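The block underneath contains the structure these notes are about, expressed in structure tokens.
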Amino acid sequence: MLALVDCNNFYVSCERVFDPSLEGRPVIVLSNNDGCAVARSNEAKALGIRMGAPFFQVRDLCNRHGVVVLSSNYELYGDMSRRVTSVLREFAPQLEIYSIDESFLHLGGIEDPTAMAKELNRKVRQWTGIPVSVGIANSKTLAKAANKIAKSKGSGVCQLEPATCTESLSKIPVGDIWGIGRRLRDKLAHLGISTAKDLAQAHPPLIRRIGGVTLERTLRELNGISCIEMEQPQPRKNICSSRSFGHPLTEISDVEEALSNYAITAVQRMRDQGTLAQGIQVFLGTNTFKENAPQYHNSISSSLPEPTDDRFTIVSTALRLLKQIFRSGYSYKKTGLLLLDLVPRHMRQGELFTQSNTESRAQLNRALDELNLQYGRNGVFLASQGIDRKWKMRRNQCTKRWTTSWSEIPTAGI
DNA sequence: TCTGGGGTCCTAGGACCC
DNA sequence: TCTGGGGTCCTAGGACCC
């Protein structure tokens, strides 16, 4: 038996913990650059604001209905997520963090999962301020479905048993099932499969022809046969860092500055997970939404002479690759890079023919890590990262880092 | 004016090996 | 006229997730 715990409207709920006046009001949180609505309170959903809606398309609606509009504050959400997880661990030591607001819990040996889930629900709310919903079943896909039902019921907890859940599945559109996106939904519709129940009762070989082994697994999971195991966290195989610019850029020097910063972010994440990159890919593009403007998109990759986690090598390689694909005369919207084929640090294979000063470089990198730990991110930075930061993303309505910065800690008045 | 960012897995097809 | 059989590795593209 396993449970899926999902935080309700997570980013909005985080904001409400530190500003209770948002309770009961329509609230949305925007993506980077204040671009799209990526979290909505129930009141905002009721107004018809869709997930991922570009903000400029709903701005008037928001003004008319007094919707509170916030920029995303990932430092806050990340920290709140860690707090929620630490409470969950008290209930189920074996857990898989699936995303910033969802975890699967292994419930082996728990006698009354529903009672436990109710207690978990209460405790997370009391200790972190975040409301959660719990779906319980014996496969991940069914637990996801149960979670959806728990959210709609308002009770916050729902358990599905394969033998008795046919009725519930008949009310769930097949496109709402985990693993079924728009394409598969449309393909299935042609076969007359429109609900989760239809899929659960379909002929497996037919389903395999339509959606391969992945979709057949979904079918079996809906019948309570667990095919998707609980996973332990694995180091990432690739790390990507990219951002749209706050304003379009035309000069290579500005793009270089932005790319240097994204490269440093990627290297930091790679160093944190203890891996080395064997290759690097850089990409660059104009704004695809501006159909009348000249468009240019390109990417280029290169393998590194030896696996490395050295800032200087990564940044200089990224900038060299950027020079190769940059064309002047375009208005650029976005750049970024991928660190490819990451391998564990201890599996490093040295270069045969060249003498590299690996050890002194490693020391320098470690010193920079420590300085940045002590003085904050970018306490020390490379000159190529720049100071102007013209490309910086827009974040006009960002709340404070209430839980991770001493200078922004909340104050209470009496 | 204004449209996010970061991932995973699977499959098919090409290039190559003996 | 007729042109083997069995494999690996890599890449691109498609589909999905939050």
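Any value given below was found using the heavy atoms of this structure, including those in side chains, with hydrogens, waters and symmetry copies removed. Small disclaimer: the values here were computed from a predicted structure and weren't measured. So that the names make sense, note that chain A is the first sequence line, chain B the second, and so on, each numbered from 1.
- Take the nearest nucleotide of DNA chain B for Arg59(A) and for Pro235(A): the residue whose nucleotide is more 5' is Arg59(A).
- With dC18(C), dG5(B), dG4(B) as the choices, the nucleotide that has an atom nearest any side-chain atom of Glu102(A) turns out to be dC18(C).
- Between dG14(C) and Arg182(A), no contact under 4.0 Å exists linking OP1 or OP2 to a side-chain N or O.
- With both pairing distances under 3.5 Å, dC18(B) is matched to dG5(C) as a Watson-Crick or G-U wobble pair.
- Side-chain proximity of Ser241(A) to dG6(B), dC2(B), dC9(B): nearest is dG6(B).
- Within the 4.0 Å cut-off from OP1 or OP2 of dT1(B), not a single side-chain nitrogen or oxygen of Arg394(A) is found.
- Between the side chains of Gln385(A) and Ser260(A), no donor N or O sits under 3.5 Å from an acceptor N or O.
- Atom C1' of nucleotide dC17(C) and atom CG of Asp101(A) are separated by 12 Å, given to the nearest angstrom.
- Atom CE of Met51(A) and atom C1' of dG5(B) are 12 Å apart (whole Å).
- A cation-pi arrangement is present between Arg389(A) and Phe381(A) under the rule of less than 6.0 angstrom and at most 45 degrees off the ring axis.
- Rounded to a whole Å, the CZ atom of Phe55(A) is 12 Å from the C1' atom of dT3(B).
- If you measure from atom CG of Leu30(A) to atom C1' of dT1(B), you get 15 Å, rounded to the nearest angstrom.
- For the residue pair Asn42(A) / Asn9(A), a side-chain donor-acceptor distance below 3.5 Å is found, with atom types taken as modelled.
- OP1 or OP2 of dC2(B) sits under 4.0 Å from a side-chain N or O of Lys290(A).
- Side-chain contact check for Ser133(A) and Asn8(A): at least one donor-acceptor pair (N or O, by modelled atom type) lies under 3.5 Å.
- Toward the 5' end of DNA chain B, the nearer of the two residues Pro248(A) and Gly212(A), judged by each one's closest nucleotide, is Pro248(A).
- The side chain of Val213(A) approaches dT11(B) more closely than any other nucleotide in the set dT11(B), dG4(B), dT8(B).
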